[in-house]
Structures are given as C-alpha cells and as structure tokens.
Amino acid sequence: MKILLFGGFLGSGKTTLILQLAMHIVENINEKVAIIENEVGEIGIDDKVLAAQGLQVRGLFAGCVCCQITGDLVQAIIELEETVQPDWLIIESTGLAVPSKIVETIEKYCHCYETLNTIVVVDAERWQELYEVTGDFVVSQIKSADSLLINKIDLVDSAESIVLMDEIKQFNDGASIHLTTAIEQISPKMMQEMLKL
Amino acid sequence: MKKFFVISKRYEYKFATPLSGEKIANNISKILKYLGEQLNYNGKIVGHIKAIVLAGENYLQMSLTSMPKINIKSDNNWYEKDYTEVELNINIIIYGFNKEQVHAYLDESMGEFLED
C-alpha cells in the first residue's frame, strides 16, 4: 500500500484534486484506492462528495489527525489495510493540519505501507492574505511537502504566479513545485507526477 | 492555532410546498454570501464557509473562500428535482473573529433558507 498524504490550507482545492486523482487510479490504472477524509468539524462534508463518486471513504471528524485524534488515524490506516487492502491510500488532512506531524505519527505507529509522500496544495488566489494573517502556519504546511501544487493559477496573472513560485520555493526548496488549476481537468502528466513523486 | 475556531451546525427542514433544487441552491448562496460579507479579510475568507444539502441520494455542496465566488458541486440530478425534506449541514472555520458573533451571523443568515 502506497500512502499519499494531502495537506494545505482550508479551501485550497485538496478535495477537488483528490477526487480526480482517485478516479484516475481506479479508471486508468485499475488499482484500488481508499481515502481517509479528516475534517475538523463535527459533521463531514467533503467525504459525502467523494463517496458519491463510488470511492471507498473513511471519515474522521471532530478533530485534526495531526494533533487531536492521532490514534483514530492509526487505527483507520491499519483497518483499511487489513479490510480493503488498497493499492493506494489517500489521506486528506484538515486544512488546519501540519502534515509533517501526521507523517511522524504514521512512521512511528504504522508499518503496513511501502511509500509515504506528502503533497501540499497552496491556494494561489489567497496566498497573500493567508500568509499575512496566519504567517508561520501556512509556511509550516509548505515545509512539510515532498511536492507542492500551487492551485487556482487561473485566478492570478502569470507574473504573479512566477513571483509566488519563487516565494514558496524559499520555504521549501527540496520539494517539486507544480502549477495547477484543479477545478479543470488535471492532465494525465500531472496525475503521473503526483503518483510518482 | 487558538485563533481558529469551528462551527458545525445541522438543520433538518420539511417544506409544505416542494422547493426546486435551483431554489435551494439560490437560498444557500445567499446564506454563504451574507456570511462572507461579514467574515472576509480583503475579500478572502481566512478559513472556509461550507454547506452541504442532503436529500436521499441527492446532494448539493457549496463553499466560499473568496468573495463573491461560490463553488458548487452536486450530483447530476440535483437541479432536476423538487424537494420536500432536506438536511442542511453548515461548517465554518475562520480565523480572527469572535465565535459568538459568527454564531449570530449564522443565525441571522438562516432566515434566507426559507425565504420565498
């Protein structure tokens, strides 16, 4: 089982990306996918959208798996590995999670996976405001990434997206960086990038 | 992280006269726009405002992160049907506002849902 951990601020486009990626794995690669959907609210919303597409989704609600319900995450990963036996496990963290903390938990308590990679989605349209208001918090998400997807680039001009890319690179120059517009159909090449890492 | 807070609310509605999927979508849009007007920073939501309406196998999801654009996802049949009973879930995660005030904004905005 290969694990892809998706992080990134609230509303950055994680669910939209995951939905397309999961459907790509199922329909084009013919492999099995399970999704763990973590939402900090007591009532799940995104899990219903993913499950409506026929995907295997396990919801973890009312807490963040990076700092509040870490045990629930470990239990969910082990259970899914034993019962569903997916080729791919996609974990969508809450927009308030620091993905590196989730990685620490998985590495420490789960021994049932082949690879674990972290993809962090950055909202190009709101980057300036999110950085101004939350500061180190959004930076801590970016620092957690193996791969960074700067999303919603259709909503900023090309000069702005280049400046943003350079700015983001300063926080994590080890991660690969890609520009996306998840609301449109993501290219097969981008899908492969996400799966290869 | 202490400056973020979460409000999750669930409402159940039964309508004497069925409401169309489009009418429900319009009313939810009004709720989200009203909340967005109160909770934005430079036109952006530092957090998110989300709603999902469930009616049997049908669903409509709307979210707002940047004024005034509302992102909408639904099943293929949502707009083809009328509904007499729905469940509405609203989830607000926001930075830098007073929680009681946000509850008050939400209560005020909910009047829009049943507006003709």
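Reminder, nothing fancy here: chain letters follow the sequence lines and each chain counts from 1.
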Query raised in the report: Is Val49(A) linked to Trp78(B) within one hydrophobic cluster, defined over Ile, Leu, Val, Met, Phe, Trp and Tyr using a side-chain heavy-atom separation of less than 4.5 Å?
Result: no
Query raised in the report: Can you tell me how far the CD1 atom of Ile90(B) sits from the CD1 atom of Ile45(A), to the nearest 0.5 Å?
Result: 8.0 Å
Query raised in the report: Applying the 4.5 Å side-chain criterion to the ILVMFWY set and letting contacts propagate, would Ile150(A) and Ile183(A) be lumped into a single cluster?
Result: no
**Report entry** Inter-residue atom distance Leu88(B).CG - Ile43(A).CD1, 0.5 Å rounding
**Finding:** 9.0 Å
Requested in this report: Heavy-atom distances under 4.5 Å only: say whether Glu132(A) touches chain B with side chain, backbone, both or neither.
Outcome: side chain
Query raised in the report: Is there a chain of hydrophobic side chains (I, L, V, M, F, W, Y, each step under 4.5 Å between heavy atoms) that links Ile119(A) to Leu55(A)?
Result: yes
Requested in this report: Taking atom NZ of Lys48(A) as the centre, report whether more than 12 heavy atoms of other residues, nucleotides or ligands fall under 6.0 Å from it.
Outcome: yes
Report summary line: Taken in chain and number order and not counting sequence neighbours, the residues that satisfy salt bridge (Lys or Arg N to Asp or Glu O under 4.0 Å) with Lys9(B) are Asp107(B)
Query raised in the report: Going by residue number, which parts of residues 54-69 of chain B are within reach of chain A, meaning a heavy-atom gap below 4.5 Å?
Result: Leu54(B), Tyr59(B), Gln61(B), Thr65(B), Ser66(B), Lys69(B)
Report task. Could you go through the side-chain hydrogen bond (donor to acceptor under 3.5 Å, both in side chains) check for Thr15(A) and Lys73(B) one step at a time? Result -> CA-CA 11 Å; Thr15(A) 309; Lys73(B) 293 174 189 164; 5.4 Å; no
Query raised in the report: Within a radius of less than 6.0 Å around OH of Tyr113(A), do more than 12 heavy atoms belonging to other residues, nucleotides or ligands occur?
Result: yes
Query raised in the report: Heavy-atom distance under 4.5 Å between the side chains of Phe4(B) and Thr134(A), does that happen here?
Result: yes
Query raised in the report: Which residues from residues 35-46 of chain B are near chain A, with near meaning under 4.5 Å between non-hydrogen atoms?
Result: Tyr41(B), Asn42(B), Lys44(B), Ile45(B), Val46(B)
Query raised in the report: For chain B, which residues of residues 151-167 of chain A have at least one non-hydrogen atom nearer than 4.5 Å to it?
Result: Lys152(A), Leu155(A)
Query raised in the report: Side chain, backbone, both or neither: which part of Asn91(B) has a heavy atom under 4.5 Å from chain A?
Result: both
Query raised in the report: Hey, is the main chain of Glu42(A) close enough, under 3.5 Å, to the side chain of Ser8(B) for a donor-acceptor pair?
Result: yes
Report task. Give, for atom OH of Tyr95(B) and atom CG of Leu10(A), the distance between the pair rounded to the nearest 0.5 Å. Result -> 13.0 Å
Requested in this report: State whether the number of non-hydrogen atoms from other residues, nucleotides or ligands found under 6.0 Å of Asn76(B) atom CG is greater than 12.
Outcome: no
Query raised in the report: Does any heavy atom of chain B fall under 4.5 Å from the side chain of Ser12(A), the backbone, both, or neither of them?
Result: neither
Report task. Please check if Trp127(A) and Val98(A) belong to a single hydrophobic cluster, counting links between Ile, Leu, Val, Met, Phe, Trp and Tyr side chain heavy atoms closer than 4.5 Å. Result -> yes
Query raised in the report: For the hydrophobic clusters of this structure (ILVMFWY residues joined by side-chain heavy atoms under 4.5 Å, transitively), does one cluster hold both Phe61(A) and Leu80(A)?
Result: no
Requested in this report: Compare all side-chain heavy atoms of Asp46(A) with those of Ile52(B) and state whether any distance is below 4.5 angstrom.
Outcome: no
Report task. Please say whether more than 12 non-hydrogen atoms of neighbouring residues, nucleotides or ligands are located less than 6.0 Å from CZ in Phe97(B). Result -> yes
Query raised in the report: Crowded around Glu31(A) CD? As in, over 12 foreign heavy atoms under 6.0 Å?
Result: yes
Query raised in the report: Which one of Glu125(A), Gln128(A), Arg126(A), Gln53(A) has the most heavy-atom pairs closer than 4.5 Å to chain B?
Result: Arg126(A)
